[in-house]
Amino acid sequence: MKRLLAACVSFLLLLSACGAPTVGDVGPSQSFFAMDTVMLISLVDGTEEDLTAAVQRVNALDAMLSRTREDSALSKVNAAAGSGTLTFVPDELYEVVSDSLALAERTGGAFHPAIGPLTDLWGFSSDDPAVPSDDAISSTLPKTDWHAISLTQTPDGSGILLQQAGMSLDLGGI
């Protein structure tokens, strides 16, 4: 968690260039779609190369952490839920899930990385979100047991296993 926090702080410092903006300062900016939302990165003091690097980093994180992109590393973990097959993932994803589980433990489950089935049930990523029935929520809850997430490090790499069919991670909260 400390490494992730340090990386985020370093990233923000790079974007801010450690200087306070003044009225009228304009630097390079770019609007783009990533992480299921429209993003705008504006640099007060920086180059086009800095902006390009920032956009590329956000897109790389999206490609790894998105649960709505079928080709993301996270989607591959979710697709293997209940199969008994360990999914090898990039170290960054492993670390984010590890930090998420530690946070779930510290909060007694108030923060919950295995909330994906409920996110889907409510339709948050759909064109027609709706409040589900109590029965639908009750029948979905067993698929959200964050204790059924296993993390394994082997000589071949870092892996994640979702033990129950229908489970899925949603890391949008972290």
Side-chain angles (χ1 to χ4, degrees), residues 1-16 30-42 51 53-83 85-126 129 131-132 137 140-154 157-174:
M1 184 85 160
K2 290 179 184 178
R3 289 182 292 189
L4 183 61
L5 180 59
C8 290
V9 169
S10 298
F11 184 68
L12 291 174
L13 287 176
L14 170 70
L15 292 181
S16 69
Q30 183 174 341
S31 178
F32 61 104
F33 188 82
M35 299 184 183
D36 290 331
T37 193
V38 175
M39 296 194 171
L40 172 67
I41 296 180
S42 298
L51 178 62
V55 171
Q56 288 174 343
R57 181 65 178 138
V58 170
N59 284 327
L61 289 170
D62 185 38
M64 179 178 41
L65 300 173
S66 174
R67 68 182 306 269
T68 58
R69 289 178 55 163
E70 290 181 18
D71 62 337
S72 77
L74 182 62
S75 288
K76 291 175 183 168
V77 170
N78 289 341
S83 70
T85 302
L86 185 67
T87 304
F88 288 97
V89 298
D91 289 340
E92 285 180 303
L93 175 56
Y94 182 91
E95 188 174 317
V96 170
V97 173
S98 177
D99 291 345
S100 296
L101 292 173
L103 190 54
E105 187 69 38
R106 280 196 306 266
T107 64
F111 177 83
H112 201 308
I115 200 76
L118 286 173
T119 301
D120 292 340
L121 183 65
W122 283 73
F124 289 128
S125 295
S126 74
V131 177
I137 292 171
T140 302
L141 282 174
K143 299 175 188 172
T144 66
D145 181 7
W146 57 272
H147 293 98
I149 301 168
S150 298
L151 301 179
T152 304
Q153 291 187 307
T154 73
S158 301
I160 301 173
L161 173 69
L162 304 182
Q163 298 171 11
Q164 298 174 7
M167 287 184 74
S168 67
L169 298 175
D170 184 338
L171 302 174
I174 199 160

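Keep in mind that what you see is a predicted model, and the values were worked out from it rather than measured.
Between Pro113 and Ile174 there is no side-chain heavy-atom pair separated by less than 4.5 Å. The shortest side-chain heavy-atom distance between Asp62 and Met35 falls under the 4.5 Å cut-off. For the pair Phe32/Val58, a side-chain contact is recorded, criterion being any heavy-atom separation below 4.5 Å from C-beta on. In this structure, the side chains of Val96 and Met64 stay at 4.5 Å or more apart for every pair of heavy atoms.
Residues that satisfy the side chain to side chain contact (heavy atoms under 4.5 Å, CB included) test with Thr68, not counting sequence neighbours, are Asp36, Ser66, Ser125. With sequence neighbours left out, Pro132 forms a side chain to side chain contact (heavy atoms under 4.5 Å, CB included) with Leu121, Trp122, Ala136, Ile137. Asn78 is linked by a side chain to side chain donor-acceptor pair (under 3.5 Å) to nothing, counting only residues two or more places apart in sequence or in another chain. The side chain to side chain contact (heavy atoms under 4.5 Å, CB included) search around Thr144 returns His112, Pro117, Leu118, Leu141, not counting sequence neighbours. Here Thr37 pairs with Met39 under the side chain to side chain contact (heavy atoms under 4.5 Å, CB included) rule; sequence neighbours left out.
Residue Ile115 holds its CD1 atom at 13.0 Å from NZ of Lys143, rounded to the nearest 0.5 Å. Between atom OG1 of residue Thr119 and atom CG of residue Asp170 there is a gap of 4.0 Å, rounded to the nearest 0.5 Å. Annotation: the span from Leu169 atom CG to Ile149 atom CD1 amounts to 4.5 Å, rounded to 0.5 Å.
Under a 3.5 Å cut-off, the side chain of Ser98 and the backbone N or O of Tyr94 do not form any donor-acceptor pair.
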Please tabulate, for the side chains in residues 158-166, all donor-acceptor contacts under 3.5 angstrom to protein atoms that are two or more places apart in sequence or on a different chain.
residue: Ser158; atom: OG; partner: Asp91; partner atom: OD1; Å: 3.1
residue: Ser158; atom: OG; partner: Gln153; partner atom: NE2; Å: 3.4
residue: Gln163; atom: NE2; partner: Ser150; partner atom: OG; Å: 2.5

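Residues Asp120 and Arg67 approach most closely at OD1-NH1, 2.9 Å, considering heavy atoms. When all heavy atoms are compared, the tightest approach of Ala80 to Ser83 is O-OG, 2.7 Å.
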